[in-house]
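Only one structure is covered here, and it is reproduced in the block below.
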Amino acid sequence: MSRVPLDLKSTINLPQTDFSMKANLAHNEPKMLAHWEELRLYERIRESSQGRPTWILHDGPPYANGPIHLGHALNKCLKDFIVKSKTMAGFDSPYVPGWDCHGLPIEIKVDQKLGGKKLKMRPSDVRLECRKYAEKFLELQREQFKRIGVFGRWDKPYSTMTPQYESVVLDTFYSFYEHGFVYKGLRAVYWCLHDETALAEAEVEYENHTSPTVWVKYALADDPAKIDAALAGKKASTIIWTTTPWTLPASMAVAFNPDEEYVAVPNSDSPDEVYIVAARLAERVQQDVKNTLHLDPGAAVARFPGRQLERLNFQHPFLERKVLGVLADYVTMDTGTGVVHTAPSHGQEDFVTGVKYGLDATSNVDGKGILRNGLPEYDGLTVWKANAPIIELLQKRGVLLHTEKIEHSYPHCWRCHNPVIFRATEQWFISMETPMPDGKGGTLRSRTLEAIKKVKWDPAWGEERISNMIATRPDWCISRQRIWGVPIAVFLCEGCGKPLNDPAINRKVVGLFAKSGADAWYTPEADTLLPAGTLCPHCSGTKFKKEMDIIDVWFESGSSHAAVLGHEPNLPWPADLYTEGGDQHRGWFHSSLLCAMGTRGEAPYRMVATSGWTLDEQGRAMSKSLGNVVDPVDIAGRLGGEIVRLWVASVDFREDVTCSEHLMQRVAENYRKIRNTFRYILGNLHGFDPEKNAVAFADLESIDQYMLRQTCALAADIRRWYDEFEFHKIYQRVNHFCVVELSAFYFDVLKDRLYTYAPNAKGRRAAQTTIWHIGNALARLLAPITSFTSDEFWRYLPGSAARGASVHVTQFPSFGDILGADVPLEDTKQKEDWTTLHAVRDEVLKALEEARTQKLIGGGLEAKVTVSAADPVYSVLKRYEPQLRYLFIVSAATLTQEAQAGGGIKVEVGKADGQKCERCWNYSTHVGEDAIYPTVCERCSAVLKEIEGR
RNA sequence: GCAGGAUUGGCUCGAAGGUCGAGCCCGCGGUCGAUAACCGCGAGGCGUUGGUUCGAUUCCAACAUCCUGCACCA
């Protein structure tokens, strides 16, 4: 009875799967997101994590004023890797994202939008506009973060503009206030006369400006012999140079550089008169003032360091006042006379110097820029108009040595573009030197420095960095003359101006904020909080007004730990980790630390990790004008959110990271390799049911067992690297595993078994069991990074339906999961065998390549090889002899025991004997022996019999 | 100017006081049963200058370039 022969190709078990080779991520990821939403996946993860130890990453709030950029994506992906990996490592690790919503950038944007209208609007209406602006971008950023696969409590994030949050900020402020950390004091700030407002540094732009400059004589009021004996009996003066004559009424000191040499230069018309200027600038000064004064630097009477001039008294050029000689390092020798007129109320450095020497920093310039309390010549004029009469005045008093106009770079208001001035104003401060109220000793500064040591900083240099900053920072100026923020909700006595500090009233204000938000301060409702009959404790005044300054937004975000942590059982205080860009050592890490120290005496975090900056391929910062911006939203839309995630995983985030379109393409290439690994596994698991078809570890082939142990080694590395946040090592290692260990080695070798064996043959089932375990493990190990693809794979993996709806509710695989319970992890002998076999295989492949070059063979199966080796290699090969041809993927491999020169092995390649089997493509001398299938080899003949049930 | 960090094939990374290494890219070839895939072979590098050392890409110092934060231009 004759049979109709089967079509041979149909008897080959080719891979079969709907897991497409083309990911089409841009199209498919949104579907996966919808699926996750439908599953309520984040909530499910929370439920399944209940009761496990918590591990808290507290989110640093991005600023809600634009779409996300690559730095945001880096930040959020890193956090997502950490939270997901902690979750899969067995922790309850909730993630509450947050936003920073108050502050200047939004207020300025809204200002620009409102224009002149703002001045006519009530503050509460301006605040509403700001709120709408922030809300808009909070919404946008939330969707963008979700799009790149970040899991979190997106429907209940924290935001700095909610009543709850605002009340916590105020409560934190009161805690500082009631413990005596807070004081009011003067500080020099940028001031725009036109807009009558203080400006932040960010609001200042340098533009060219023409200023009158003057060289002014300050006569020494003390005995010049104090400086140098040679000056006894002389009439000594010094000369200052300034571009702001209007600040001269506020001149309180003249500054010298302590380490520079100064000289007393005689006036050649009147040799008893000497002028003290810097030695290095004497020639220049001579030229500058030559029209009024004939200095003779060559005839200097004395030379002395600047420090000799400290605390000497000089006569103010036109006021009845002494001016103190002071020392300052910032006095340079590139312009002027080496002597700097110092007005503490009108310059930042001047102010600092003023504090150091106890000088008066009261400003006699009002908010409109008008000089007050001055001489009739200039009193009542604005600073710009006062320059001319003051110069005239100097002339009249005979102290003007020279004047001219110069054009130089000068700070301007970025909105009205008028030149700005420095002005000392009253501000609120937190003192760094206040003793801690908890009785444990130390000051805010010293205790903070101690707390820093208990925190783990990654990279380690962060500790030194933040310590330096805390050690050297001035008191914290926490007030801002702005609207969009949390007000410093304090009542001030209208009589004496002193603030009220009554804890009972403070609590009532916190309660009001918790109910109605900080907006309430801008309504009459706040006034009713003050009980009738409240008296000022300082002057017994009965009338009070509200402080309308707002709190520095860094204080707000620095209070986030108190707003978010410690209120729910699985969100305990303090956080295990804060992680942001390295710029936050001065920003959020810094303010959070101080806020927590002042209120709780402890750091709000156990560990701080920092990431670098995102730069372009040439290492330049990204900017729209350079056109080198990589937009993560755009990448997600074209290449996939997974590619953004994988890029983040690929770089060492601790240093500055580079990115470009080109680099993203490269990452996409690598992604395809990982995807194809998953696809190969799924394709070859067609018809495999792990419940029914799995083969016990002991019955697997040696190579299968070896690969499962390799997978365990991979799992161990990956899990360690997740713990250490070394994601780029995971990326490299997984890439290597997929490309070298699987694709180029194991999967290649496996094809013969998977494709040509009978579907249910034990050897094939063993291979399937192995790749099933590898895929199962790999998907879970990679899930924190390739969250989309791992879950997609999970849905296709046979038997996974029984193990949960998503890979994200599983945990990392244990060695037992991979090998089977009770299988020992180590098998040293097996590992050594395979190390040897690997090395021999490499030699064989090289020999095959040579034979190919010589046109002896084409494909490897056209070849037979003979390997000659001596012990110990020989005996290893001998034990694996029947498998060698499959390992080398040739049609025959024979072995001879023979020592080689140099101790190596010899590989001889020849044309394979026999005919090519049409089915398995191996060459065999037995092709033609099967009557029904005359074109197949003896192995395939047997397989076909099995398939046909013969 | 001050503080901190970085510099390894074209790209991203890893390791180490003893010939550095991996993946990708690139070149050549194979395969045509993972096919917009797969396999093999090959080429290519330690910023500069000194010092310590038997030996330095590694440790030290200076320089250069780049990045971050801070300060400043009277």
> Which letters describe nucleotides 41-46 of chain B, given B = protein heavy atom under 4.0 Å from base, S = only from sugar-phosphate, - = neither?
Replying inline: SS----
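- Comparing C13(B), G69(B), U12(B) by their closest approach to the side chain of Ser650(A) singles out U12(B).
- Here, U53(B) and G18(B) have their C1' atoms 12 Å apart, quoted to the whole Å.
- Paired with Arg675(A) under the rule salt bridge (charged side-chain N to carboxylate O under 4.0 Å, His left out), one option of Glu669(A), Glu792(A), Glu642(A) passes, and it is Glu792(A).
- When distances are taken from the side chain of Ile12(A) to each of U31(B), G33(B), G23(B), the shortest belongs to G33(B).
- Listed nucleotides: C38(B), G5(B), G69(B). Nearest to the side chain of Trp461(A): G5(B).
- Residues Glu463(A) and Val608(A) have side chains not in contact (no heavy-atom distance under 4.5 Å, counting atoms from C-beta outward).
- Side-chain proximity of Arg586(A) to the nucleotides G33(B), G69(B), A36(B) is greatest for G69(B).
- Comparing A43(B) with G27(B), their C1' atoms are spaced 7 Å from each other, to the whole Å.
- With C67(B), C38(B), A74(B) as the candidates, the nucleotide lying closest to the side chain of Ser743(A) is C38(B).
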Report, one line per pair, each donor and acceptor closer than 3.5 Å where one atom sits in a side chain of residues 17-24 of chain A; sequence neighbours left out.
from: Thr17(A); atom 1: OG1; to: Phe19(A); atom 2: N; distance (Å): 2.9
from: Ser20(A); atom 1: OG; to: Lys22(A); atom 2: O; distance (Å): 2.5

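- Considering only side-chain atoms of Gln348(A), the nucleotide from G33(B), U12(B), A71(B) that sits closest is A71(B).
- Residues satisfying the side chain to side chain contact (heavy atoms under 4.5 Å, CB included) criterion with Glu724(A), sequence neighbours excluded, are Arg720(A), Trp721(A), Glu726(A).
- The separation of U58(B) from G50(B), taken at their P atoms, amounts to 13 Å, rounded to a whole angstrom.
- Under the stacking definition used here (centres under 5.5 Å, planes under 30°), the residue Trp921(A) qualifies as stacked on the base of G33(B).
- Rounded to a whole angstrom, the distance from the C1' atom of C13(B) to that of U52(B) is 30 Å.
- Both Val651(A) and Phe745(A) lie near RNA chain B, and the one whose nearest nucleotide falls closer to the 5' end is Val651(A).
- Candidate nucleotides A71(B), C39(B), A3(B) were compared by shortest atom distance to the side chain of Asp748(A), and C39(B) ranks first.
- Phosphate proximity of C24(B) to Tyr671(A): absent, as no side-chain N or O sits under 4.0 Å from OP1 or OP2.
- When the P atom is used for both G5(B) and C59(B), the distance is 13 Å, rounded to whole Å.
- In this model, the phosphate group of C38(B) is approached by a side-chain N or O of Lys673(A) to a distance below 4.0 Å at OP1 or OP2.
- Contact annotation: Lys729(A) side-chain N/O to A22(B) OP1/OP2 distance is not under 4.0 Å.
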> Do Lys751(A) and Asp748(A) pass the salt bridge (Lys or Arg N to Asp or Glu O under 4.0 Å) test, and can you show the C-alpha distance, the side-chain angles, and the key distance before you say yes or no?
Replying inline: CA-CA 6 Å; Lys751(A) 282 176 193 166; Asp748(A) 211 22; 3.2 Å; yes
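- Using a 30° and 60° split on the angle between ring planes, His402(A) and Trp215(A) fall in the tilted class, from 30° to 60°.
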> Given Watson-Crick or G-U pairs with both distances under 3.5 Å, what dot-bracket string fits RNA chain B, with | for other-strand pairs and [ ] for crossing?
Replying inline: (((((((..(((((...[.))))).(((((.......)))))....(((((..]....))))))))))))....
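- Between the C1' atoms of A56(B) and C41(B), the separation comes to 34 Å (whole Å).
- The side chain of Glu669(A) lies closest to C25(B), out of A34(B), A6(B), C25(B).
- With both ends at atom C1', the span from U65(B) to U48(B) equals 10 Å, rounded to whole Å.
- Counting any heavy atom pair closer than 4.0 Å across all strands shown, Gln665(A) reaches no nucleic acid atom.
- Listed nucleotides: A37(B), G23(B), G4(B). Nearest to the side chain of Arg465(A): G4(B).
- The aromatic rings of Phe727(A) and Phe81(A) stand perpendicular to each other, their planes meeting at an angle above 60°, with 30° marking the opposite boundary.
- Annotation: G45(B) and U12(B) have their C1' atoms spaced 14 Å apart (nearest Å).
- With G33(B), A34(B), G23(B) as the choices, the nucleotide that has an atom nearest any side-chain atom of Lys9(A) turns out to be G33(B).
- Counting to the nearest Å, the C1' atom of G40(B) and the CZ atom of Phe888(A) are 15 Å from each other.
- Classified by interplanar angle (parallel below 30°, tilted 30° to 60°, perpendicular above 60°), the ring pair Trp246(A)/Trp384(A) is perpendicular.
- Checking the phosphate oxygens (OP1, OP2) of U35(B), a side-chain nitrogen or oxygen of Arg679(A) falls inside 4.0 Å.
- Taking each heavy atom of Arg841(A) and Phe888(A) in turn, the nearest pair found is CA-CE2, 3.8 Å.
- Of the candidates Thr242(A), Thr247(A), Asp350(A), Thr247(A) is the only one forming a side chain to side chain donor-acceptor pair (under 3.5 Å) with His341(A).
- Residues of residues 680-688 of chain A having a heavy atom closer than 4.0 Å to RNA chain B, listed by number: Tyr680(A).
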Nucleotide N/O to protein N/O under 3.5 Å, stretch nucleotides 9-11 of chain B:
from: G10(B); atom 1: N2; to: Arg666(A); atom 2: NH1; distance (Å): 2.8

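- Remark: the Thr332(A) side chain and the A74(B) base include a donor-acceptor N/O pair separated by less than 3.5 Å.
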